[in-house]
Amino acid sequence: MTQALLVFVQFEVKDFARYRADYASKMAAIAAQFGAQFLAATPQAEAIEGTMGGNFTAILRFPSREAAQAMYESAEYAPLKRLRQEELTTKGQVLFIPALDAV
C-alpha cells in the first residue's frame with residue numbers, strides 16, 4: 001500500500017486579490033493532475049499555540065510522496081511556483097507530512 005502525503009503550506013501573501021487571480025485560481029487544476037485534493041485553503045487559520053508562519057494556510061492531500069514531489073518539480077507548476085516565490089509572497093514554508101493511513 002502507498003502512504004498518502006499531506007502538504008502543509010503557510011505563506012505571507014502580499015496582495016490577496018492578485019494571489020487569488022494569478023496563483024490560487026490555477027493551482028487547484030495543476031494539483032488535481034497529480035491526484036491532489038485541497039483539504040483547506042484560508043487566510044483565517046489561527047495559532048492556538050506558537051506563532052503563525054504567514055497569513056495564508058493550505059493543506060493538500062496527495063496519494064503519495066512521489067505524486068507531491070512530481071507536482072512540486074513539474075513544468076506545469078514551475079511558472080506558478082516562481083511567481084509565488086518572487087512576487088506574491090514574502091516568506092513561507094512547504095511541509096511534506098506522511099499521512100497516518102495508507103491508500
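For Phe34 and Phe62, the distance between ring centers is not under 6.0 angstrom.
With a 4.5 Å cut-off on side-chain heavy atoms, Asp22 and Leu83 count as touching. Looking at heavy atoms from C-beta onward, Pro43 lies out of side-chain contact with Asn55 at the 4.5 angstrom threshold. Residues Ile97 and Leu5 have side chains not in contact (no heavy-atom distance under 4.5 Å, counting atoms from C-beta outward). Within the 4.5 Å cutoff, the side chain of Gln37 has no heavy atoms near those of the Leu60 side chain. Using a 4.5 Å heavy-atom cutoff, the side chains of Phe38 and Met27 are in contact. Under the 4.5 Å side-chain criterion, counting only non-hydrogen atoms from C-beta, Leu95 is not in contact with Val9. With a 4.5 Å cut-off on side-chain heavy atoms, Val94 and Phe11 count as touching.
Closest approach of Ala21 and Lys26 over heavy atoms only: O-NZ, 3.1 Å. Summarising the geometry of Tyr72 relative to Lys81, their closest heavy-atom pair is O-NZ, 2.9 Å, with the distance given to 0.1 Å. Contact between Arg61 and Ala99 at its shortest, heavy atoms only, is NH1-CB, 4.0 Å. Heavy atoms only, all atoms of each residue included: Gly54 and Glu12 are closest at CA-OE1, 3.3 Å. Nearest heavy atom pair, residue Ala36 against residue Pro63, reads N-CD, 4.4 Å. Between Met71 and Tyr77, the closest heavy-atom pair is O-CB, 3.3 Å.
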Candidate pair Gln33 and Glu76, rule side-chain contact (heavy atoms from CB on, under 4.5 Å), full reasoning: CA-CA 10 Å; Gln33 292 176 25; Glu76 296 90 345; 3.9 Å; yes
For Arg18 and Glu87, what are the C-alpha separation, side-chain angles and deciding distance, and is it a salt bridge (charged side-chain N to carboxylate O under 4.0 Å, His left out)? CA-CA 10 Å; Arg18 182 163 180 231; Glu87 296 182 33; 2.6 Å; yes
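Summarising the local packing, CD of Gln93 is surrounded by more than 12 heavy atoms from other residues, nucleotides or ligands at distances under 6.0 Å.
Criterion: ILVMFWY side-chain heavy atoms under 4.5 Å apart, direct or through other members. Under it, Ile59 and Leu80 are not part of a common hydrophobic cluster. Both Leu39 and Phe8 sit in one connected hydrophobic cluster of ILVMFWY residues. Membership requires side-chain heavy atoms under 4.5 Å apart, directly or through other members.
To the nearest 0.5 Å, atom CZ of residue Phe16 and atom CG of residue Leu88 are 11.0 Å apart.
For the 3.5 Å distance criterion, the side chains of Thr57 and Gln10 qualify, holding a donor opposite an acceptor.
Side chain of Thr89 to backbone of Arg84: a donor-acceptor contact under 3.5 angstrom is found.
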